[in-house]
Visitor: 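The structure that follows is given in the form of structure tokens.
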Amino acid sequence: MIKVRFPEFFLFVAIFLFVLSPYTIWGKPGVFVAALLSVYAIYAGLSMRWVRKISVPLAIMVLISLWGVLISEVHGIGQLTHFAIVFALIVVFLASSGIWAYCQKHQISLDTVLICILLTIMMNDAIILLQSYYPGFRQFIEDFLIEAGNIDFTEGFKFRGLASSGGAALSVTQPIALLIALYLLDKRVIGSLLLTLFIVILFSSSMVIGRTGIILSVAEVKKTLLFSGYGSRMFLIIQVFSQLELLKVRKFQ
């Protein structure tokens, strides 16, 4: 019998809301979780060496974005897009640091974090597949979500599941899930049958999410095979979390 402790359960819920960041009729729980994790990261002291190293580049980016805001105001344009992106990057960085600090405090392994990310993506892909086959289920899910941008996700071939957005932004999660699944297979955490099921779900959902995910998945598999045996663990970590950072920055703009 598999026993799940509360810290692992809380971690899964936090990652689920943080990665998908659903825009619900009750609010944006993903933004709340990101803010909570950011506060926790600051409370934890941000004492990690890699956090201190990245602080200077972030400060430079903030100054550059503020300079852009000043110049745009001088010319009567009022452009805040660059500053908003930098601010979103900082929030994502702090929230990610909060997850790392939380895992260290409760002795949660990296494999557990990767499993939580993989389950989040797979659950959303399964929901999308059900939405594509059962319009009533699609409408049921969308009744709890609000529109994101000018896209109507209640009809047509645009699907998002529980995520705040679909299309290319959401399809970035596909290669992330595939990389994690391959890594967990190599670590003997999952078996080949479960990997096959994951691949079927991933590529089936990619057909209605966006083709970008398929292209990136093929590219990531090639790179993974190329670097296999040469620091593959660190390579995987860099690949997964760099793509998650790009995904979250785009969601929190």
Side-chain angles (χ1 to χ4, degrees), residues 2 4 8 11-13 15-22 109-135 137-138 141 153 156-248 250-251:
I2 300 176
V4 179
E8 280 86 355
L11 175 68
F12 170 72
V13 174
I15 288 178
F16 186 90
L17 295 175
F18 180 57
V19 172
L20 298 182
S21 188
S109 66
L110 173 64
D111 288 353
T112 302
V113 177
L114 293 176
I115 290 172
C116 290
I117 297 174
L118 178 61
L119 289 178
T120 294
I121 298 172
M122 297 309 303
M123 287 177 62
N124 195 58
D125 285 353
I127 290 174
I128 289 175
L129 287 177
L130 288 174
Q131 286 180 316
S132 65
Y133 282 102
Y134 302 104
F137 180 72
R138 178 183 189 179
I141 295 295
F153 287 99
F157 296 98
K158 295 289 185 179
F159 293 85
R160 60 173 172 172
L162 292 176
S164 58
S165 63
L170 183 60
S171 68
V172 174
T173 61
Q174 309 302 91
I176 293 175
L178 184 58
L179 278 172
I180 294 175
L182 291 172
Y183 170 79
L184 294 177
L185 176 69
D186 183 62
K187 295 279 290 185
R188 300 183 185 279
V189 176
I190 64 173
S192 56
L193 289 178
L194 193 55
L195 174 66
T196 303
L197 176 62
F198 286 162
I199 292 177
V200 171
I201 294 177
L202 284 171
F203 280 90
S204 298
S205 59
S206 294
M207 299 300 177
V208 293
I209 295 176
R211 292 182 296 273
T212 304
I214 298 178
I215 297 173
L216 289 176
S217 295
V218 173
E220 297 303 336
V221 169
K222 287 183 177 179
K223 287 191 287 185
T224 301
L225 293 176
L226 178 64
F227 284 88
S228 178
Y230 298 94
S232 56
R233 180 183 175 91
M234 182 57 65
F235 176 74
L236 170 88
I237 295 172
I238 294 173
Q239 288 290 101
V240 169
F241 284 97
S242 63
Q243 291 195 41
L244 275 178
E245 294 294 298
L246 293 174
L247 171 68
K248 293 310 300 172
R250 187 164 183 173
K251 282 182 177 291

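In this chain, residues are counted from 1 in sequence order. As a basis for the values below, the full set of heavy atoms in this structure was taken, side chains included, without hydrogen atoms, waters or symmetry mates.
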Visitor: Quick check for you: to the nearest 0.5 Å, what is the distance between Ile127 atom CD1 and Phe159 atom CZ?
Guide: 13.0 Å
Visitor: Is the number of heavy atoms from other residues, nucleotides or ligands within 6.0 Å of CZ (Phe137) greater than 12?
Guide: yes
Visitor: Counting C-beta onward and ignoring hydrogens, is there a side-chain heavy-atom pair between Ile180 and Ile176 closer than 4.5 Å?
Guide: yes
Visitor: Holding to side chain to side chain contact (heavy atoms under 4.5 Å, CB included), I want the full list of residues that pass it with Val13, two or more places apart in sequence or in another chain.
Guide: Phe9, Leu17
Visitor: I'd like to check Met122 versus Leu202 (side-chain heavy atoms, cut-off strictly below 4.5 Å). Are they in contact?
Guide: yes
Visitor: Just verifying a value: how many Å separate Ile190 CD1 and Leu118 CG, rounded to the nearest 0.5 Å?
Guide: 6.5 Å
Visitor: Assess whether side-chain contact (heavy atoms from CB on, under 4.5 Å) is satisfied between Leu119 and Phe16, documenting all intermediate values.
Guide: CA-CA 8 Å; Leu119 289 178; Phe16 186 90; over 6 Å; no
Visitor: Rounded to the nearest 0.5 Å, how far apart are CD1 of Ile121 and OG1 of Thr173?
Guide: 5.0 Å
Visitor: List for me each residue that meets side-chain hydrogen bond (donor to acceptor under 3.5 Å, both in side chains) alongside Thr112, sequence neighbours excluded, and say none if there are none.
Guide: Ser109
Visitor: Roughly how far, to the nearest 0.5 Å, is the CG atom of Asn124 from the CG atom of Leu129?
Guide: 10.0 Å
Visitor: Nearest 0.5 Å, what's the CE-CD1 distance between Met207 and Ile209?
Guide: 11.0 Å
Visitor: For Ser192, what residues pass the side-chain hydrogen bond (donor to acceptor under 3.5 Å, both in side chains) criterion, not counting sequence neighbours?
Guide: none
Visitor: List in chain and number order the residues that pass side-chain hydrogen bond (donor to acceptor under 3.5 Å, both in side chains) with Asp125, two or more places apart in sequence or in another chain; answer none if no residue qualifies.
Guide: Gln174, Ser205
Visitor: For Ser21 and Ser164, which heavy atoms make the closest approach, and how far apart are they?
Guide: O-CB, 2.9 Å
Visitor: Could you list the residues that satisfy side chain to side chain contact (heavy atoms under 4.5 Å, CB included) with Ile15, not counting sequence neighbours?
Guide: Leu11, Val19, Ile99, Val113, Cys116, Ile117, Thr120
Visitor: Between atom CG of Leu184 and atom CZ of Phe198, what is the distance when rounded to the nearest 0.5 Å?
Guide: 8.5 Å
Visitor: Not counting sequence neighbours, which residues clear side chain to side chain contact (heavy atoms under 4.5 Å, CB included) with Leu197? List them please.
Guide: Leu194, Ile201
